[in-house]
Amino acid sequence: MKYLLLLPFILPAILFAETKFEIAEEILFSNFNNKDDWKELERKMHDHRTLTIELLTPLESAHETSQEILALSEQLTLDMNSSDLYVLNIKSLQNYIIRDFSESFTYDELVELRKLTQQPLYEKLVSYQESLTSKTSEYLKEWQDYNTELANQFGERSKEIGKLQMEILKSKLTEEERKKLK
C-alpha cells in the first residue's frame with residue numbers, strides 16, 4: 001500500500017527525467033552557435049564529393065574512342081553520381097558525437113557540465129576557442145601558401161631538368177631518328 005501512495009510522485013519523475021543523451025545534446029549543441037559550422041561542413045563535403053567524382057571521371061580523348069569505352073565511362077559517371085560516395089549524413093554524425101559524449105560521462109557529471117556551460121566564464125572560453133580557431137586557420141593558410149610556392153619553385157626546376165634531359169636525348173639521336181619524331 002505504501003508503494004501505491006508513492007507511485008504518483010515517482011512516475012512523473014521517471015517519465016520526465018532527462019536522459020544522458022538529451023543532456024549531452026544540450027551541452028554540445030544548444031550552447032554553441034554552430035549551425036553555420038554544420039552547414040559549412042556539409043558544403044565542404046558536397047564540394048569534396050563533386051571534385052572526387054570529377055577526378056574519377058575518365059577523360060574524354062581527343063582521339064576517336066570506341067563506343068564500348070564511351071559507354072563504360074558514362075556508366076561509371078552515372079554510378080558515381082547515384083552512389084553515396086562522400087555523402088555525409090549530418091544528423092547521423094551529430095548523434096554519433098552525442099552518444100560518444102554521453103557515454104564518456106556519468107549522469108551527474110553531465111548535469112554538472114551543463115551548469116558549467118551556463119557560467120559567464122564558459123562563454124569567455126568558447127569565445128577564446130573561436131578566436132584560437134580563426135588564428136590557427138590563418139597560420140595554416142600562410143603555411144599552405146608558403147609550401148605551395150615552394151612546391152611550385154621545385155616544380156619549375158623539375159621542368160627545366162626535364163627539358164635538359166630531352167635536349168640531351170635529342171642531341172644523341174641520329175638525323176633519321178629526328179625526322180621520325182617530327
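Being a predicted model, the structure only gives us computed values, none of them experimental.
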Neighbour count above 12 (heavy atom, 6.0 Å) for R43 CZ: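 Count over threshold, so yes.
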
Heavy atoms from other residues, nucleotides or ligands near CD of Q67 exceed 12 (cutoff 6.0 Å):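 Atom CD in Q67 is not packed in, count stays at 12 or less.
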
Do [X] and [Y] come close enough that some side-chain heavy atom pair is under 4.5 Å?
X: E130; Y: V126; value: yes
X: S73; Y: T57; value: no
X: E26; Y: E18; value: yes
X: D37; Y: L41; value: no
X: E42; Y: M45; value: no
X: M80; Y: L76; value: yes

Qualifying side-chain hydrogen bond (donor to acceptor under 3.5 Å, both in side chains) pairs with a residue from residues 131-143, counting only residues at least two apart or across chains: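 Non-adjacent pairs meeting side-chain hydrogen bond (donor to acceptor under 3.5 Å, both in side chains): K141-D145.
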
Tell me the side-chain hydrogen bond (donor to acceptor under 3.5 Å, both in side chains) pairs involving residues 95-111, sequence neighbours left out?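 Every pair satisfying side-chain hydrogen bond (donor to acceptor under 3.5 Å, both in side chains) with a residue in residues 95-111: T106-E109.
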
Does one hydrophobic cluster hold both L88 and L56, with members joined at side-chain heavy-atom distances below 4.5 Å?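 Looking at the clustering, L56 is in the same group as L88.
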
[atom1]-[atom2] distance between [X] and [Y], expressed to the nearest 0.5 angstrom:
X: L116; Y: L110; atom1: CG; atom2: CG; value: 12.0 Å
X: K159; Y: N152; atom1: NZ; atom2: CG; value: 8.5 Å
X: R114; Y: I23; atom1: CZ; atom2: CD1; value: 4.5 Å
X: E22; Y: I27; atom1: CD; atom2: CD1; value: 12.0 Å
X: S83; Y: L78; atom1: OG; atom2: CG; value: 11.0 Å
X: L28; Y: I98; atom1: CG; atom2: CD1; value: 6.5 Å

Listed partners of F105 passing ring pair (Phe, Tyr, Trp, His ring centres under 6.0 Å), at least two apart: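 Partners of F105 under the ring pair (Phe, Tyr, Trp, His ring centres under 6.0 Å) test: F101.
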
Taking only residues two or more places apart in sequence, or in another chain, which ones meet Y86 in a ring pair (Phe, Tyr, Trp, His ring centres under 6.0 Å)?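 Ring pair (Phe, Tyr, Trp, His ring centres under 6.0 Å) check on Y86 returns H48.
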
Members other than [X] in its cluster, when Ile, Leu, Val, Met, Phe, Trp, Tyr link by side-chain heavy atoms under 4.5 Å?
X: L121; result: none
X: L150; result: Y146, F154
X: L164; result: none
X: Y128; result: L132

Please determine whether side chain to side chain contact (heavy atoms under 4.5 Å, CB included) holds for the pair L125 and Q129, giving the CA-CA distance in whole Å, both sets of side-chain angles, and the decisive distance to 0.1 Å. CA-CA 6 Å; L125 179 63; Q129 179 186 4; 5.8 Å; no

Pairing residues for E112 by the salt bridge (charged side-chain N to carboxylate O under 4.0 Å, His left out) criterion, not counting sequence neighbours: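 Per chain and number, E112 pairs via salt bridge (charged side-chain N to carboxylate O under 4.0 Å, His left out) with no residue.
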
Tell me, please, which residues at least two apart from K163 pass salt bridge (charged side-chain N to carboxylate O under 4.0 Å, His left out).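 By the salt bridge (charged side-chain N to carboxylate O under 4.0 Å, His left out) rule, K163 matches E160.
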
Determine, stepwise, if the pair I53 / N81 fulfils side chain to side chain contact (heavy atoms under 4.5 Å, CB included). CA-CA 7 Å; I53 289 173; N81 282 318; 3.6 Å; yes

Non-neighbouring partners of D79 that pass side-chain hydrogen bond (donor to acceptor under 3.5 Å, both in side chains), sequence neighbours left out: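 If we apply the side-chain hydrogen bond (donor to acceptor under 3.5 Å, both in side chains) test to D79, skipping adjacent residues, the hits are Q75.
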
Using the test side-chain hydrogen bond (donor to acceptor under 3.5 Å, both in side chains), find all partners of Q94 that sit at least two apart in sequence or belong to another chain.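 Per chain and number, Q94 pairs via side-chain hydrogen bond (donor to acceptor under 3.5 Å, both in side chains) with no residue.
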
Has N89 got a side-chain atom pairing as donor or acceptor with S92's backbone, closer than 3.5 angstrom?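 Side chain of N89 to backbone of S92: a pair is present.
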
Treating R49 as the side-chain partner and L85 as the backbone partner, does any N or O pair qualify as donor plus acceptor under 3.5 Å?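 Checking the backbone N and O of L85 against the side chain of R49, a donor-acceptor pair under 3.5 Å is found.
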
